[in-house]
Structure formats: structure tokens, C-alpha cells
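Since the structure comes first, as C-alpha cells, the remarks are kept for the end.
Quick note on labels: first sequence line is chain A, next is B, and so on, each numbered from 1.
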Amino acid sequence: MAYRTHLDDLWEQQIRPDGRTPHELRNITCQMGIFHPQASGSASFNIGNTKVMAAVYGPHEVRSSQKKHHNPDKMIINCEYSSATFSSNERKSSTKADRKSMEISSNLRSVMEHIIIPDIFPGSQIDVYVELLQDDGGSYSACINAATLALVDAGIPIRDYAVAITATMSHSVCMVDINAQERGQCAELTIGVLAQSNEIIVLELANLLQNFYLKDVLDEGIKGCAAIYKILEEAVRQKFNKMEQSLV
Amino acid sequence: MSRNQEGEAPLISGGSRRQVSLFDLRVRDEFANDEAKGSAPVSRAANYVTPGTIVTKEMGFMRGHGTFVNPSDQSLVASVVGAVERVNRLVTVRGIGGVYYGEVGDVVVGRITKVMQKRWKVDINGRLDGILLLSSINLPTGELRRRSAEDELGMREVLKEGDVISAEIQSVYNDGSLALHTRSVKYGKLGPGTLVKVPSSIIKRRKNHIHNLPCGVSVILGNNGYVWISPLPNGRMPGTNLEEEDADGKNTVLEEIRITKADRMAVARLKNCIAALSKSWLPIYDTSLMYAYEASTKYECGELLRPDVMQEIGELVRQQMALEGAGS
């Protein structure tokens, strides 16, 4: 028989290892314009101990090597994700793009391509750089939120906010916003939606989840996304109030 | 919402009444009339939208900057953060920051990125590089003639990659890229100085964008958000455009220019002032610059980089501008 720990006792009262209730998000702070004025748009997004920064450059003339086979009526969206050497428990030996970060880059790019109004700047390029500073679970969803905020900050026309969160089911209870400790013990479903239409644009599952739980977990995640959208919106609104007077 | 109703009334024709616009879509002068009549002035905050907000579900409006039409229900949706504005049928969202589009006649500051056949490509902070044709510049010698193959070969002697120029927008091409010209003594290659980048939207459009400030420094406030600060009058590099002669008819040569420490300090101070204005999102034009400069004099130049000092200067300038607004 496995040992019974104090965590199990807590869980009986539906309290998660870090003291949250199942539907509670970690503390979220976000800030726009952290690289103002070097980048066209930038933002930081912190959820609990997960910290992400994003910067958007452009639109500008196409300057990458893609130029050669680039259709002048199309727009290039370039997305680069990287994680700091000190971001996770084990120190990474090199900062070079590994397979995992390349995958995240390409996933992020497809999200960006989905929300940016297609080909609104023909012949131009938009660069999105996302840096993970600290990983305590839900880093990919944090990246999506940070990148969205940076796009808004840059004034790039987008259809809607892309917001994302993680969710799971454990002991038949739905939980949102999985931290690194919980991630080791259960499945992790990353859910990204368009904030207004609730259209699902990202769905990524790590580990196994029984399929009859999927709907509940999804619903929980979409609720979590709505909560995050509110927080992002608040940050945007604050920034607008600050800038309003220069609208002459 | 009641305000929306009255604003809408003249717009609606026929049976589209059922859908009420979510925003006050009156034309600008309607606002002005209402304010003159003494009704409460409409704040921009009331017209705030964020990407994904439906501006109107009515038909018959034109999609302007910062909006798009949702293909599923044909509603007009905002795509950037800003305030909704309407000019006749055209609905736009005026955002802050964002992309510099450029208008004919704008003064811009840019950096040469490429020398091409008969043209230079110039980074002007837009979505595409600006194009400066060989035929749209004044030759250094000041001759007026057709540009020959020799001129083409010597293009790099006139402007090379990395040079900073000031120019005016001559026209806008079909693809949205901007054609520049420097055919005036005001424009051309820039001499020693500092380039500051700010959001293009906070540069206030004025009649004049090139100022020789009383603090002995000249600034070029590019509409594109690039600001050039230089200790030389008009910021220009001598000997690169015609009519360089000064009063006694002799050309100033670069070697003769002496930039003193005081000049450099003034340039650095002004650069910090512009950074402070940009950080507080205050409009940048000659008056606001002078206010900021005056407010900065009680600090050492280096102290101006401190966030609290920047904020204080922003606050002082804001008060000054409010005073000025009240006086006029």
C-alpha cells in the first residue's frame, strides 16, 4: 500500500498541492510595452511562477532568407520561441534551438497566422519572439497569451485575442491551470480559444485522458480562458487610458 | 446607450433599425456641435474598442483602418485597440502605436538599407521600405540634369548603407510602399547627431517638422516616429545638397565643424527628454519638447534616465500643456 501523505489529506478537501481549489487560477500579472520603444510591441505574462516575455517587431520589409521564395502578395509571420537556460529545474546546456522549441515556434506561428488578419500587409514581415524565463507548468499557454498581448501592443490588426490555459481531470475533478508539480501526475490539456467566439484554436494533450472526461475538461478550460481574457483586456484598457491623450 | 440612439437616427434608412450600433458613430463635427450646445463632451474612452469588439452590425458602413468585416454575419469588427471614429460612411478605429502608413508631404527620417538600380531603399519604420529614386535627389554638385550611368555608378558616394537621411514623401505606390524625395535644401543626408525612435502616432502633425530650438540644438521630428537630434542647424550634413553656401558665399566643410561638449550634452539631454515624453505617451512637437527641456534643467543629464524622473517630467509637461490648452 502506498503511503498516505498530507497532500492526499488535502486533496480530500479538494485542495491542490499549492493550496488552490480545482477551479482557481494562479496569480496572473501582465504588462504591456516592456521593451518600449525598441520593439513595436511587447508584453510580459506571468502566471504563478511561469514567466514569459514576448516582443513583436514589424511589420517591416522582408529581411529574412525566405525572401527568395516569397510571394509579394503574402505576408510572412516569423515566430521564434526560446527558453532561458535557467528556466527549468535542469539547467540547459545550450541556448540553441532544440527540437522542442522548434515545435513550439511552429505551433505558435500557426496560432499567430490564425489571429492576424490575413495578408493585411502584403510583402511585409512580422517577427514574434517569445522567451520563457521560468517554467512552472502551462508555459505554452502562457506563450500564447504573451504573444497575443504583444501583437495588440504593436497595433497589428488581429481578429480576436488568442487566449490559452491548461486543464486536466484528476480523481474525477476538473482542474485548470496545472503547475509543474501537478503536471507530473496527471494529463495536461492545453486549450486555446478565440476570446469572443470561443472557437478552439489550440488543443494539445500530454499524457492520457479518458475520452469521456474530455468535454468537462474542455468546458473548464474555456471558462479559464474567459478569466484570462478579462485580465488581458484590463491590461490593454489601462494602457489605452494612459495613451488616450496623445490621440490628437 | 441613449446617446447612441440619437446619434444613429440620421444614419438609419429603411428597415435596419432593429440593430443598434454598439458605439457612438456620429461624425466628428456632430460631436463638435453637440459640445458647443453644452451637452457633455464625448470622451474617447467611451468609444474604446479592443480587437474582436463588434463596432456595428448595420450594413452600409465602410471598413476603414483598424476594422474588418466578419465574414459570417457581415458585422464590422475592430481589429486594433483604439477609439472608434466615423467620417461619413467610413468607420475607422484610431489606435495608438501601430503601423506608420505615411501620407504625401510627410517629413520622414530614415536609414538607407540598400543601394539598388537607380534607387535606394530606406528604412522609414513603415511596413515596407521607402524608395528614394536617384532622380529624386539633388546631386551634391547642385547640377540639374538627367542622371547618367556615371551617376548610377557613383550612387554609393552620395548615400551608402547606414546613412541617415531626412526626406519628404512624394507619393504612395499601389502596393503601399512610399516614394521619397530630397529635392529641397531642407532634406538630405544628415550629419552628426542622434536618432531616437518613438511611436509614430505621438508625433504631432504640424506645419513645420524641422526646428532649430533655442537650446542650440536642431531636431527633425519625422512623421514616421524617427527623430533626429543634431547640434548643426537643420541637422543636415554640409556639402551634400546644393545651396550649401552661407552668407559669405563659402561652403561649410565637415572638417570645419567643431562639436563642443556642451553641444553633445544638449543633444543628450534632448534625447532623454524625448524618451521621457514617449514613455508618458505625450504628443511630441516643438512646444512639448521645450516644456520637457525646461522641466529637465534641474536635473543632471544622466539623471533623466531614471524612471521616476522621466515620469515627473512627463507630469510637468502634461500640466503645462493643460495650462496652455486652458489659456487659448
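- Once rounded to the nearest 0.5 Å, the distance linking OH of B:Tyr48 with CG of A:Asn241 reads 8.0 Å.
- Around atom CD of B:Gln117, no more than 12 heavy atoms belonging to other residues, nucleotides or ligands sit under 6.0 Å away.
- With a 4.5 angstrom heavy-atom cutoff, A:Glu233 touches chain B via backbone and side-chain atoms both.
- In the displayed structure, B:Gln311 atom CD is contacted under 6.0 Å by at most 12 heavy atoms of other residues, nucleotides or ligands.
- Using a 4.5 Å cut-off between heavy atoms, A:Ile158 contacts chain B through both its backbone and its side chain.
- In this structure, chain B has no heavy atom under 4.5 Å from any part of A:Tyr57.
- Other residues, nucleotides and ligands place more than 12 heavy atoms under 6.0 Å from the NE2 atom of A:His114.
- Here A:His60 contributes atom NE2 and B:Asn125 contributes atom CG; the two are 10.5 Å apart, rounded to the nearest 0.5 Å.
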* After noting the C-alpha distance and the side-chain angles of B:Asp123 and A:Glu61, does the key distance pass the side-chain contact (heavy atoms from CB on, under 4.5 Å) rule? -> CA-CA 8 Å; B:Asp123 165 29; A:Glu61 182 96 5; over 6 Å; no
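- At a 4.5 Å heavy-atom cutoff, the contact between B:Ala78 and chain A is made by backbone atoms alone.
- Proximity of B:Pro51 to A:Asp160: side-chain heavy atoms (C-beta onward) are nowhere separated by under 4.5 Å.
- Crowding of A:Arg26 atom CZ: a count of heavy atoms from other residues, nucleotides or ligands under 6.0 Å exceeding 12.
- Shown here for A:Gly123 and B:Leu128, the closest heavy-atom pair between the two residues is O-CD2, 3.4 Å.
- Without hydrogens or angle criteria, B:Arg127 side chain to A:Pro122 main chain gives a donor-acceptor distance under 3.5 Å.
- Not a single donor-acceptor pair under 3.5 Å links the side chain of B:Ser79 to the backbone N or O of A:Arg159.
- Within the 4.5 Å cutoff, the side chain of A:Pro157 has no heavy atoms near those of the B:Phe68 side chain.
- For B:Thr113, the part lying near chain A is the side chain, with the backbone staying farther off; criterion is any non-hydrogen pair under 4.5 Å.
- Residue-level contacts of residues 127-135 of chain A with chain B do not occur; threshold 4.5 Å between heavy atoms.
- Scanning both residues, B:Val80 and A:Gly155, for their nearest heavy atoms gives CG1-O, 3.5 Å.
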* To do: Start with the C-alpha distance between A:Phe240 and B:Thr50, add both sets of side-chain angles, then the distance that settles side-chain contact (heavy atoms from CB on, under 4.5 Å), and finish with yes or no.
  => CA-CA 10 Å; A:Phe240 176 79; B:Thr50 187; over 6 Å; no
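- Within the 4.5 angstrom heavy-atom criterion, no atom of B:Tyr285 approaches chain A.
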